Amino acid sequence: MRDVLLATVPGVLVMTWFFGPGTLINLVLGAAVALALEYGVMALRGRDPRVAISDLSVLVTSTLLCIALPPYAPWWLIVIGVVTAVLLGKQVFGGLGYNPFNPAMVGYVVLLISFPIQMSSWALPRGLETVPGLSEGLQRVFSPGSIDALTGATPLDLLRQNTGLLFEDLMTSRPELSGWAGLGWFEVNLAFLLGGLWLLYRRVFTWHAPIAMLAALGLCALMGYDGGSSQSGGSALFHLFSGASMFAAFFIITDPVSSAVSNRGRLIFGALIGLLVYLIRTLGNYPDAVAFAVLILNFCAPFIDHYTQPTVYGTRKPTP
Amino acid sequence: MRVIHDIHGGIHPPERKALSQPGTLQSLALPPLLVLPLRQHLGVPARPVVAVGDAVLGGQMLAEANGVMSVPIHAPTSGTVRAIESRPIAHASGLEDICIELETDRQDQWVVLEGMPEWRDREPTMLAEQIRSAGIAGMGGAGFPTAVKLTPGPQRPIELLLINGTECEPYITADDTLMQCYADQLIEGAMILAHILGADSTLIGIEDNKPEAIACVQAAVAKANASIEIASFPTKYPSGGEKQVIEILTGVQVPSGGIPADIGIVCLNPGTAVAAREAIVEGKPLTHRIVTLTGEALSQPCNTLACLGTPIAHLLQEAGWASEVQQRVIHGGPMMGFAVSNLDAPVTKITNCVLAPTQSELPLPAEPKPCIRCGHCAEACPASLLPQQLYWYARAKDQEQLTTHRLFDCIECGACAYVCPSHIPLVQYYRAAKGQIRDSEQERKRSDNSRERFEARERRLAEEVAAREAKRAARKAAAQQQAISGGVDPVQAAIERAKAKKAQQGSSE
């Protein structure tokens with residue numbers, strides 16, 4: 001758990017560089033709410049709250065959720081998200097280890113469906129707008145509407161709304177889309193990839209789910225690229241390094257509790273998430289798709305487990 | 001060169017084998033009292049053949065085998081039988097068992113031993129019987145009666161005798177020491193065992209962290225000019241499990257629920273081979289074994305040739321034990337061994353190691369946290385099981401799922417618990433679940449028996465009724481027969497009368 005938190009540091013730093021202290025405000029506020037909730041619930045359940053908090057799992061949940069929320073989101077959005085994630089995502093099922101769904105994604109989806117406007121207003125990255133300072137950031141969070149701030153669509157959003165431009169033209173038409181996968185977004189994804197590779201090196205999880213997801217997403221994007229027409233789904237590079245791709249691959253779908261358990265199962269689990277992410281991104285109504293794809297596959301995990309049991313010693317059929 | 005196969009999973013815990021200085025045997029003082037449990041093997045306890053007060057000689061039989069799955073117990077030295085009663089033994093649950101207590105007289109007088117150096121001319125069955133009557137049970141840890149393994153029956157021809165010198169568990173160096181100190185005896189023992197089994201080939205497998213043992217055994221093979229192959233393979237826990245070592249060295253898996261003999265292999269511990277040689281060539285029963293005394297709480301850790309029945313406390317004191325507060329003493333190794341609750345418990349045929357670690361050396365397990373299904377256990381499992389699923393099903397007491405997830409293929413090696421980041425004592429759950437499933441199977445068998453008995457009774461009652469019916473019918477038939485042959489049938493007459501009466505009434509109207 002501690003390793004997972006540490007591994008988010010590069011990504012969070014890059015996000016802070018491009019979008020200002022919004023993500024940090026999210027994280028601090030979210031962590032405070034999450035810790036208070038976990039403490040309260042465990043006390044109510046008659047368990048030692050300090051033991052529950054010391055496993056850091058609740059901080060991981062709030063951290064992952066708050067990274068996914070738009071910087072400078074109103075404070076109540078964060079509170080509702082964290083309450084949903086910790087209470088409905090995790091504690092109602094019995095706490096750590098018992099939740100069938102990824103708690104952070106439960107919180108995220110509830111917010112996305114309930115507050116679509118707030119959830120799709122991302123701050124513009126450095127280079128398009130001056131990045132707000134801490135006090136301005138706090139003001140935007142705690143008294144929403146008091147400051148007129150420019151927010152805009154994310155690159156994935158722009159791609160979805162594109163109707164008439166070739167992909168190459170689209171990428172040069174808007175300053176947000178400069179670079180390979182959108183201004184700032186490429187670097188953010190790269191940073192999360194870095195953190196994820198460190199976790200792989202630390203053997204916190206196996207490579208199966210992340211690599212399967214990225215491979216499936218990249219393959220789908222390659223097949224759907226059609227040379228970059230206005231109907232195209234965007235290039236593979238764009239899909240792999242935009243939105244929440246790397247963050248999802250290494251931090252979300254690797255949650256062991258709600259994923260498939262065997263390595264073979266995790267390959268299938270990851271690949272299907274990659275496929276769903278691509279399908280929802282290109283055909284669905286939402287700009288990014290990770291949360292939905294993850295929740296749907298959380299449903300499927302026990303089913304996948306049932307069909308991917310490893311061959312136990314001594315039960316291998318003799319090779320003729 | 002033999003192809004070495006890899007097994008799934010496995011772990012590399014710190015080996016800590018140098019601590020007990022493998023390769024040299026320390027001789028320790030004989031204890032004043034030996035405590036010999038009647039069951040030091042897997043199976044039925046032996047039956048005492050001596051009485052309290054009897055003076056016995058070394059090598060004399062104290063208790064006889066009680067059936068096929070049993071082996072006798074012999075006196076390790078001369079002395080007097082002081083008691084035959086319940087005593088604490090080395091047991092995971094701290095149980096007591098019936099033991100013979102032998103007060104040693106320090107004379108060490110022995111019965112006259114008669115060996116069979118010309119074993120090559122003897123019948124295998126006769127040699128196997130000799131091994132049984134020498135009290136030999138597998139010395140690797142399970143204590144399976146060796147004679148049973150040596151007689152797999154004509155439907156299981158044995159191609160390969162595999163001597164398992166892996167000794168993969170950390171700390172333990174008893175087999176390592178044995179292979180270095182008794183290499184010649186080991187080779188002759190292996191040849192005897194191969195002769196009994198009619199095995200085509202013999203293979204000695206040793207992990208590559210024991211180069212001295214490999215060299216000694218190689219030299220002994222060359223000296224004896226024996227056709228015995230020696231294979232070394234990479235160190236990994238639990239390569240020494242019988243099923244694992246077979247896969248490593250042959251690439252074949254023992255079928256689930258089967259035994260190695262099903263695929264033409266018999267796997268024995270080197271200690272067992274040396275004991276078999278002593279039993280056959282010298283006629284000496286199994287009365288001693290090599291025990292590793294180790295752990296940082298001992299000032300002189302060592303290997304020693306201990307009398308069976310030596311109290312563990314005596315050995316620890318001889319090895320310079322400085323007891324800590326809350327000192328744990330482990331019977332066996334740190335992975336599969338168990339803590340001994342009473343140090344009066346004796347060394348038995350399966351005691352390969354007594355480990356007295358300090359707190360800092362082998363800390364007590366941390367408080368278990370919830371399982372997060374990380375899957376590290378499945379990576380480590382040498383049987384390719386899904387330990388985390390088994391854990392959930394064991395907690396839910398879901399016996400059906402436990403069986404479909406093949407709980408009974410678990411070898412209880414503890415690799416899963418070792419890697420568990422939540423410190424869950426997984427093997428304990430599996431052991432308990434296995435026990436519960438065995439219990440409910442017994443329960444089912446009992447109720448099946450009752451049902452069968454009930455059905456048999458119903459059948460018997462029905463048959464009795466049918467028999468009575470038949471008898472009655474026979475009597476009736478006999479009566480009719482009599483009526484036909486000897487006059488009026490009373491029934492028929494009554495019917496006739498009634499008919500006549502009815503006809504009369506009809507005509508009168």
Side-chain angles (χ1 to χ4, degrees), chain A residues 1-4 42 47-48 50-58 60-61 90-91 93-100 102-103 199 202-209 254-266 269 298 301-302 305-306 308-319, chain B residues 7-10 238 241-244 246-248 251-260 262-263 366-393 395-396 401 403-411 413 419 421-424:
Chain A
M1 299 285 182
R2 201 200 47 188
D3 285 352
V4 176
M42 290 317 265
R47 311 280 173 91
D48 186 351
R50 280 163 307 177
V51 173
I53 283 181
S54 70
D55 67 31
L56 301 181
S57 63
V58 79
V60 170
T61 299
K90 178 175 150 188
Q91 288 293 358
F93 295 105
L96 178 62
Y98 294 88
N99 47 300
N102 187 314
L199 287 178
R202 298 269 299 158
R203 292 167 174 267
V204 172
F205 45 73
T206 62
W207 57 269
H208 300 80
T254 49
D255 166 36
V257 178
S258 53
S259 81
V261 290
S262 67
N263 286 341
R264 218 149 40 100
R266 283 174 180 170
F269 180 82
N298 286 165
D305 288 342
H306 184 80
T308 52
Q309 285 180 36
T311 313
V312 172
Y313 181 103
T315 58
R316 196 166 58 190
K317 294 210 173 60
T319 41
Chain B
I7 52 166
H8 181 267
E242 186 174 71
K243 292 174 168 182
Q244 279 64 41
I246 286 173
E247 185 176 11
I248 289 170
V252 185
Q253 293 188 342
V254 181
S256 173
I259 58 171
D262 294 336
I263 51 170
E367 197 62 25
K369 289 185 175 161
C371 169
I372 53 167
R373 312 208 313 160
C374 64
H376 290 337
C377 49
E379 302 267 298
C381 180
S384 303
L385 296 163
L386 288 174
Q388 77 276 44
Q389 299 296 87
L390 288 173
Y391 164 69
W392 288 105
Y393 295 131
R395 286 188 55 183
Q401 284 286 4
T403 313
T404 38
H405 281 75
R406 312 208 71 94
L407 172 67
F408 282 92
D409 286 310
C410 167
I411 60 166
C413 67
V419 297
S422 293
H423 313 292
I424 301 171

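Side chains included, hydrogens not; waters and symmetry mates left out as well; all remaining heavy atoms used. Proteins come first, then strands; the chains are lettered A, B, ... in the order of their sequence lines, and each starts at number 1. Owing to the predicted nature of the structure, the values given are computational and were not obtained by experimental measurement.
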Exercise for the section: Examine whether an atom of A:Thr254 lies under 4.5 Å from a heavy atom of chain B, and if so say whether it belongs to the side chain, the backbone or both; otherwise answer neither. Expected result: neither
Handout entry: Interchain contact, B:Ala383 with chain A, by part (heavy-atom threshold 4.5 Å)
Key = both
Practice task
Side chain from CB out, backbone as N, CA, C, O: work out which of these in A:Asn99 comes under 4.5 Å of a heavy atom of chain B, or both, or neither.
Solution key: neither
Exercise for the section: To the nearest 0.5 Å, tell me how far B:Gln389 CD sits from A:His306 NE2. Expected result: 11.5 Å
Completion exercise
Honestly, the part of B:His8 sitting under 4.5 Å from a heavy atom of chain A is neither
Problem - Minimum heavy-atom distance between B:Ser384 and A:Pro310, given as atom pair plus value - result: O-CG, 3.3 Å
Practice task
Take B:Ile372 and A:Met1 through the test side chain to side chain contact (heavy atoms under 4.5 Å, CB included) and record every step on the way to the result.
Solution key: CA-CA 11 Å; B:Ile372 53 167; A:Met1 299 285 182; 4.1 Å; yes
Completion exercise
Honestly, the part of A:Asn263 sitting under 4.5 Å from a heavy atom of chain B is side chain
Exercise for the section: Return the option, out of B:Lys369, B:Glu379, B:Lys243, with the maximum number of heavy-atom pairs under 4.5 Å with chain A. Expected result: B:Lys243
Handout entry: Top of B:Cys381, B:Gly375, B:Ser422, B:Cys374 for chain A proximity - count of heavy-atom pairs under 4.5 angstrom
Key = B:Cys374
Handout entry: Shortest non-hydrogen contact from A:Arg203 toward B:His376
Key = O-CE1, 3.2 Å
Problem - Heavy-atom pair of closest approach, residues B:Ser256 and A:Tyr313 - result: CB-O, 4.4 Å
Exercise for the section: Sort out for me which of B:Ile7, B:Asp409, B:Thr404 touches chain A most, counting heavy-atom pairs under 4.5 Å. Expected result: B:Asp409
Handout entry: Residues B:Gln253, A:Thr311; criterion side chain to side chain contact (heavy atoms under 4.5 Å, CB included); working and verdict
Key = CA-CA 12 Å; B:Gln253 293 188 342; A:Thr311 313; over 6 Å; no
Problem - chain A contact via B:Glu367 - which portion, at a heavy-atom distance below 4.5 Å - result: neither
